[in-house]
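Can you read through this structure? Questions will come right after.
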Amino acid sequence: MTLKAVLFDFNGVIINDESIHLQLIDEILIQENLQPQRSDERQASLGRSDRACFHDLLTRRGRVVTQEYLTRLLIKKAELYALELEKLEKLPLYSGLDDLIFQVRSRNLNIALVSGAIRKEIELVLERAKLTEYFPVIIAGDDIITSKPEPDGYLLAVERLNQAYADLDLQPNECLAIEDTPAGIQAAKRAGMQVVGVANTYPFHMLQRLANWTVDYLTDLELERVQEVYLKNQCQPTAGEC
């Protein structure tokens, strides 16, 4: 087994904006004459797609939910999100992101992004952060109808990478996912991938029980050591030294 691709989550891995999302969801619920999120609902929304979160929140509050209704709310949220980012002098990107991307590219590994956020929000951040060129494949909440912890987004990323690079022949077990929530870790594992849990959103000990590797910060991730594990797993019993 060789490591061929690194798949990044977005919110909570690339940008520290979970609090903005929770605030905007509450604003929209209030605009819809509904109660804002309870603390348990806020916790449950982390790592899941906006569409899935709104669907569950509206259903619990007795609303009849259609896809058209959800799409309208998602468009409104994307507009509010853009306005919030405009207020910021500097995007709250996580420390170590640039160095990690450099590590990935210097080892000729492919990169993709797998998120439940809608594409407009993702592209806005990547463009402003000058990161667009590093993520040729983006799987956003617009591309799938399910949400993490379902594996569909990660499996679609493998499919899209193979479409983009004809000779890649990428398999899920040749991918490393970087996630910050239990839902995201479960999604990647269900897709057959190994996962680094970064303790940006949840405590280290909670992610450690779920992920293959766990780090406090992106700066702690030593990609070279991770690659060594993949190479060792590639060795067969009769292959001699590994």
| field | same_hphob_cluster(I144, F10) at 4.5 Å side-chain heavy-atom cutoff | value |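 No, because I144 and F10 fall into different hydrophobic clusters, even though each may have its own neighbours under 4.5 Å.
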| task | Report the relative orientation of the aromatic rings in W213 and Y230; use parallel for angles under 30°, tilted for 30 to 60°, perpendicular for over 60°. | result | parallel
| message | Salt bridge check, E32 against R72: does any charged N sit closer than 4.0 Å to a carboxylate O? | response |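 Result for this pair is yes, salt bridge flagged.
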| field | Cluster overlap V114 with L126, hydrophobic side-chain contacts below 4.5 Å | value | no
| task | Check whether any side-chain N or O of S49 sits under 3.5 Å from a backbone N or O of G116 as a donor-acceptor pair, and report yes or no. | result |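 Answer holds: no.
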| query | Just checking, is any N or O donor in the side chain of D180 or N200 under 3.5 Å from an acceptor N or O on the other one? | reply |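 On atom types as modelled, these side chains do not qualify, holding no pair under 3.5 Å.
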| message | So if I apply the side-chain contact (heavy atoms from CB on, under 4.5 Å) rule between L221 and each of V6, T214, V226, V198, which one comes out positive? | response | V226
| message | Walk me through whether R225 and E228 qualify under salt bridge (charged side-chain N to carboxylate O under 4.0 Å, His left out). | response | CA-CA 5 Å; R225 293 194 177 188; E228 288 173 1; 5.9 Å; no
| Mind checking whether S115 and L113 have side chains closer than 4.5 Å, heavy atoms only? | yes
| said: Salt bridge or not between K148 and E179? Use side-chain N to carboxylate O under 4.0 Å. | reply: yes
| field | Residue pair L85 / V125, side-chain heavy-atom distance below 4.5 Å | value |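 Side chain of L85 against side chain of V125, heavy atoms only: contact under 4.5 Å found.
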| Does a salt bridge link E79 with K120, judged by any charged N lying under 4.0 Å from a carboxylate O? |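 No, no charged N to carboxylate O under 4.0 Å.
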| query | Is K4 salt-bridged to D169, cutoff N-O under 4.0 Å? | reply | no
| query | With no hydrogens and no angle check, do the side chains of R63 and Y69 hold a donor and an acceptor under 3.5 Å apart? | reply | yes
| query | Given the rule that I, L, V, M, F, W and Y join up when any side-chain heavy atoms are under 4.5 Å apart, are I139 and I111 in one cluster? | reply |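 Shared cluster, no.
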| request: Would you mind reporting whether V215 and E222 have side-chain heavy atoms less than 4.5 Å apart? | output: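 A side-chain contact is absent here, since even the closest heavy-atom pair is not under 4.5 Å.
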| query | Pick one: which of L70, T59, V65 meets side-chain contact (heavy atoms from CB on, under 4.5 Å) with F54? | reply | L70
| task | Would you mind checking if E41 and R61 are paired as a salt bridge, meaning a charged N to carboxylate O distance below 4.0 Å? | result |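 Looking at R61 and E41, the cut-off is met.
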| When clusters are formed by joining ILVMFWY residues with side-chain heavy atoms under 4.5 Å apart, either directly or through shared neighbours, do I122 and I20 land in the same one? |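 Yes.
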| Presence of salt bridge, R42 and D26, under 4.0 angstrom |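 The answer is yes: the pair qualifies as a salt bridge.
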| message | Determine whether a donor-acceptor pair (N or O, by modelled atom type, separation under 3.5 Å) exists between the side chain of N162 and the backbone of L170. | response |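 Yes, the answer is positive, given that a donor and an acceptor are paired below the 3.5 Å cut-off.
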| query | Are D143 and R119 ion-paired here, with the side-chain N under 4.0 Å from a carboxylate O? | reply | yes
| query | Would Y81 end up clustered with Y94 when hydrophobic side chains under 4.5 Å apart are linked, directly or stepwise? | reply | yes
| Side-chain (Q37) to main-chain (L22) donor-acceptor, under 3.5 angstrom |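 Checking the backbone N and O of L22 against the side chain of Q37, a donor-acceptor pair under 3.5 Å is found.
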| said: So does I118 get a backbone contact from the side chain of K77, meaning a donor-acceptor N/O pair under 3.5 Å? | reply: no
